[in-house]
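Atoms within each ligand, like the ligands themselves, are counted from 1 in listed order. Keep in mind that this is a model prediction, so the values were computed, not measured.
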Amino acid sequence: MAERVKLAIVGCGGMGRRHLAGLGELARSEHNNVDLVAVCDLNRRNAEDLADEAQGLLGVRPRVFEDAAQMVREVEGLQAADCTTDTGSHHRAATMLLDLGLHTLCEKPLALTIRGCDRIIAAAERSGKTLSIAENYRRDPINRLVRALLDDGAIGDRQFIMETAVRGKDDLFITPWRHQKLSGTLTLDAGVHYADILQYYFGDPAVVYGKVRLYEKLRYSRKTGGPGGFYEKWAEYIPDTIEATGEDAMFATITFANGTLGQWTDHYAGHGEPLGYRMVYGTRGSIAAPGDRNGKPIRMTFDDGTVIDDERILEWAPSYRLSPVAADLFGGERPWHYDFDFVTTDRKLLALEQYELAECVHTGAQPEVDGAVAKRAVALVYALFESDRAGRAVTIEEVETGAVDAYQREIDEHLKLV
Ligand SMILES: NC(=O)c1ccc[n+]([C@@H]2O[C@H](COP(=O)([O-])OP(=O)(O)OC[C@H]3O[C@@H](n4cnc5c(N)ncnc54)[C@H](O)[C@@H]3O)[C@@H](O)[C@H]2O)c1
């Protein structure tokens, strides 16, 4: 087996802690190909805490840094970085890590704007290092199975997808920066996961008509520990109320390059009954996908009333097969459901991303979610914003090239990207 890749976690907030749990999962498996040798955060306390946590989990305390350049100078043989800084800093942090010569796994969204994405992609090209984006939802075995069902023609040809989530009220989602246009609006920060699922299931989006709204201008902290409780230790520092500037709801009609259609609603200020469904319609039937990280079974329905929502679904997806590592972590090559809690599922999916990065370092292979794929997901989200501003449908090409950028321009100016 090749030597383990020496890696640093850069960004020791909530997601940094979750990525550490991913490394713990990988370390307990037979496939460990990574050694955590350093942690880095502008906030020394966060980095020291994560190093302590790593010692408890992995048995070795990584070195602690506040400055990535110093880290690269002082840690011999450091090869890779796991960039889990907040979204508004990715264009600086990931660019710097790549320029410092580190293969980089960057959390989603790749950057806060399209120009930010371009900056990181250019750094990857300059340095010749791997840039992989930590898009975890598509790695969920159940999403792999939906994709195989679609590719194998289980419901005929793809026709139409509805991706809908309505929830949120006036809750403050995890951190204040997720509610500010200039630091990472919810609809981008969380919405990009769904953009990626849309492209993962249906291929490249081409044309988008969208509307975006800011419904809840005041957000109230409910003092939760965030997903999996990972943010609990910071809860006391979160203000009770914040003023939001970033849009919290978006609605769209999408035409994909292959001519199929989609309707997308991602509403984080919904009151009353929450709603969530992902329905895929084909020329012969439908698939109700259960969503992400819950392991629930898929339901497939045909016109004669046949409903398949158990193991028989595998007969319709002959091409479905997880990678050897995913198969070990999820208990089989072809799981049709699983029964892990959120924290366990989360760390398994993150372990798969970390494993893949190290494999790319060893073999030179291209990661599944590279800069171009991740940028397209960001472009799909911003297509809704730019369409709203322009008052017309926009093409993904216009968004990706920056030909329409009226919404993002203010952010780019703030980030000094124009
Ligand atoms: N994939 C998922 O399911 C998922 C879930 C949550 C968050 N995320 C993503 O993870 C990223 C981090 O989110 P979070 O919730 O952990 O944020 P956070 O605010 O909890 O933590 C960010 C940390 O990064 C540090 N930081 C900022 N700039 C830095 C720099 N240049 N160098 C070193 N450290 C720096 C901050 O001091 C802080 O400790 C975001 O991009 C977010 O979208 C992904």
Suppose I only count heavy atoms of [X] and a 4.0 Å limit; which atoms of ligand 1 are within that range?
X	value
Leu42	28 (N), 29 (C), 30 (C), 31 (N), 32 (N), 33 (C), 34 (N), 35 (C)
Gly14	16 (O), 20 (O)
Thr87	40 (C), 41 (O), 42 (C), 43 (O)
Gly13	16 (O), 20 (O), 21 (O), 23 (C), 39 (O)
Arg293	3 (O)
His193	1 (N), 2 (C), 3 (O)

* Asked: For the residue pair Phe173 and His179, does the interplanar ring angle fall in the parallel (under 30°), tilted (30 to 60°) or perpendicular (over 60°) class?
  ->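 Because their plane-to-plane angle lies in the 30° to 60° range, the rings of Phe173 and His179 count as tilted.
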Does [X] [atom1] have over 12 foreign heavy atoms under 6.0 Å away?
X	atom1	answer
Lys296	NZ	no
Arg299	CZ	no
Gln70	CD	yes

Looking at ligand 1, does any of its N/O atoms fall within less than 3.5 Å of an N/O of [X]?
X	result
Ala93	no
Val10	no
Asp189	yes

* To do: Compute both the distance and the angle, then confirm whether Arg392 meets the cation-pi test with Tyr209: under 6.0 Å from the six-membered ring centre, within 45 degrees of the axis.
  =>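 Negative - Arg392 is either too far from the ring of Tyr209 or too far off its axis.
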* ligand 1 versus Glu107: contacting region, heavy-atom distance under 4.0 Å ->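 Side chain only; the backbone of Glu107 stays clear of ligand 1.
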* Distance to 0.1 Å, residue and atom name: give those for the protein heavy atom nearest to atom 15 (O) of ligand 1. =>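 Looking at atom 15 (O) of ligand 1, the protein heavy atom closest to it is Tyr231 OH, 2.5 Å.
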* To do: Among all protein heavy atoms, pick out the one at the shortest distance from atom 24 (O) of ligand 1; state its residue, atom name and that distance to 0.1 Å.
  =>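 For atom 24 (O) of ligand 1, the nearest protein heavy atom comes out as Thr85 CA, 3.5 Å.
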* Single hit among Asp189, Leu182, Thr187 for side-chain contact (heavy atoms from CB on, under 4.5 Å) with Thr185 ->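 Per the side-chain contact (heavy atoms from CB on, under 4.5 Å) rule, the option paired with Thr185 is Thr187, out of Asp189, Leu182, Thr187.
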* Hey, which of Pro297, Pro335, Pro290 is the one that makes side-chain contact (heavy atoms from CB on, under 4.5 Å) with Ile142? ->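 With Ile142 as partner, Pro297, Pro335, Pro290 yield a single side-chain contact (heavy atoms from CB on, under 4.5 Å), made by Pro290.
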* To do: Answer yes when Asp196 and Lys108 have at least one side-chain N-carboxylate O distance shorter than 4.0 Å, and no when they do not.
  =>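 No, no charged N to carboxylate O under 4.0 Å.
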